[in-house]
Amino acid sequence: MSMAAQTSGAALELVREKVENGGRLDLADGVALFESDDLLALGQLAERARRLRGGGDEAYFVRNLTLNQTNVCRVKCRFCAFARSAREEGAYTFNPAELADDARRAFELEPFSELHLVNGESPQVDFDWYLETVRALRESLPGVHLKCYSASEIHHISTLSSLSYEQVLVELKEAGLGSLTGGGAEVFSPRVRKLIAPGKEPAEAWLEVNRVAHSLEIPSHCTILYGHVETVEERVEHLLRLRELQDETAGFLAFVPLAVHLENTRLDLDGGFGPTGADDLKMIATSRLLLDNVAHIKAYWISIGLPLAQVALQFGADDIQGTVGREQVFHAAGAHTETAQGAERLVRFIRAAGRVPVERDTLYNELQRWESVA
Ligand code: SF4
C-alpha cells in the first residue's frame, strides 16, 4: 500500500470513529474525505451516517415544474450560459399574468405539487413585478407550493426596492411565497467569488437573507456550485458555514450540490473541465458526513445525470429532486440530461437502487409511497 493510501485510510478510520460516536467532523476531516480515493469506503461511511441520524430506506422525489420568468441579468457570472443583457438576442421577460397562465396550462397537462421559479437579476423590473407574480401564481395554482427566488434574488430585490430583506420577505410571504430556492451560494470564499462571480453579492449577504427568511418561518435550500476553481479547503469551509447557520436557525430543508457545467460559458474559454463522476460522488458523501444537521442531501439529476444520481443514493443522498419540467439554466451550459423525467421513471430508478420511492412535497410531507413492485 502506498504512503498516501495509508494516510487516507487512517484519516477515514478517524472519521468512522466520530460518525459512530455521534461526533462532529471538522475542516481536517472534510479535507481528508475529499482527498481520499477510496470511493466505496466514503460511500459506506456516508450511508452509515445517514442511517445513524435517522434515515431509512426511503428515497424522495417531488413532482415539480421549473420556470424562469426572465433571463435578463446584470450579474454576468463567468460560469453562466443562461443570462442575457436586456437587448441581446434571446433575452426574454414574461409578465406575471403570462407566467401564471403558462404554469396553469402546464399543471393541467401534468399536475405538480411544487413550482420552482428562479430568474436572472434583471435591472428592468421592480418589486411589484415580483409581488404580482407570486400573487398571480398563488391564484392560478392554489394547492401548489411556491418555491421562488434564491437568496441572491432576494438581495437583488432589496437593492432594487431599497427595502430591507425582512420587508421584502414579509411581503412575498403574504403574497403566497412558500420557500426560497438554494441557488446563488456558489462557493463562499471571496477568492473564488472574485474569479467566477465578481458581480455577485458577498457570501455574508447570501447567508443573512437565509437567516432572515428562517426567522420569518420561510424555509430555504442551500447549495454549492463545485468543480471549477475552488480548492478542497474552500469546499469544506463552505459546508461548515452552512452547518453553522443551520445550527442557529434549522431553516434549511435540504442541501443540493450543483456540478458546474461549462459549455457556452466564459469559464469554458479558460480551459476548465468541470467535475468527474468521482468528484460528484465525493461531494455527495462528504456533504452528508459534514452537514450532520441538514436532513436531506439531494442528488440533483439535472446536473449529474439520472444514472449517477441513482448511484449517489448509496453515497448518502436521499433525494433525487424531481420531475423538473423545462429546466433551462443547466441546459444552457451544456447539461445533456433530459429536461423532464416522468414520475414513473424516477420511481424505477429509485427502486433499482434498492430504495423505497416516496413522492414528497417541498416540506417533505409524504404524498405517495411505492412499497413493492406493482
Ligand atoms: S448565475 Fe444567475 S446571477 Fe449569475 S449571471 Fe447567471 S442568471 Fe445571473
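Since this is a predicted model, take the numbers as computed values, not measurements. Each residue takes its place number in the sequence, starting with 1.
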Do the side chains of [Y] and [X] get nearer than 4.5 Å, heavy atoms only?
{"X": "E237", "Y": "L27", "value": "yes"}
{"X": "M283", "Y": "I224", "value": "yes"}
{"X": "F315", "Y": "D280", "value": "no"}
{"X": "L346", "Y": "L306", "value": "yes"}
{"X": "F34", "Y": "D279", "value": "no"}

Tell me if a side-chain donor or acceptor on [X] pairs with a main-chain N or O of [Y] at a distance below 3.5 Å.
{"X": "Q69", "Y": "L117", "answer": "no"}
{"X": "E98", "Y": "N95", "answer": "yes"}
{"X": "H214", "Y": "V209", "answer": "no"}
{"X": "S179", "Y": "I218", "answer": "no"}
{"X": "S158", "Y": "I154", "answer": "no"}
{"X": "N68", "Y": "V118", "answer": "yes"}

Once the angle between the rings of F61 and W370 is folded into 0 to 90°, is it parallel (under 30°), tilted (30 to 60°) or perpendicular (over 60°)? tilted
Identify whether NZ of Lys or CZ of Arg in R360 sits under 6.0 Å from the centre of the six-membered ring of Y60 and within 45° of that ring's axis. no
On the six-membered ring of F107, is R104 placed so that its NZ or CZ lies under 6.0 angstrom from the centre and within 45° of the ring axis? no
Evaluate salt bridge (Lys or Arg N to Asp or Glu O under 4.0 Å) for K298 paired with D318, printing each intermediate quantity in order. CA-CA 6 Å; K298 287 188 192 176; D318 67 339; over 6 Å; no
Is it possible for you to say whether V260 and W301 belong to one hydrophobic cluster, with membership spreading through side-chain heavy-atom contacts below 4.5 Å? yes
Answer yes if the ring centres of H261 and F79 are under 6.0 angstrom apart, and no otherwise. no
Would you check if the distance from the ring center of F188 to the ring center of W206 is below 6.0 Å? yes
What distance separates L160 CG from E153 CD, expressed to the nearest 0.5 Å? 11.0 Å
Salt bridge between D128 and R135, side-chain N to carboxylate O under 4.0 Å? no
Salt bridge present between K200 and E186 (N-O < 4.0 angstrom): yes
Please check if any side-chain donor atom of D319 sits under 3.5 Å from a side-chain acceptor atom of Y364, or the reverse. yes
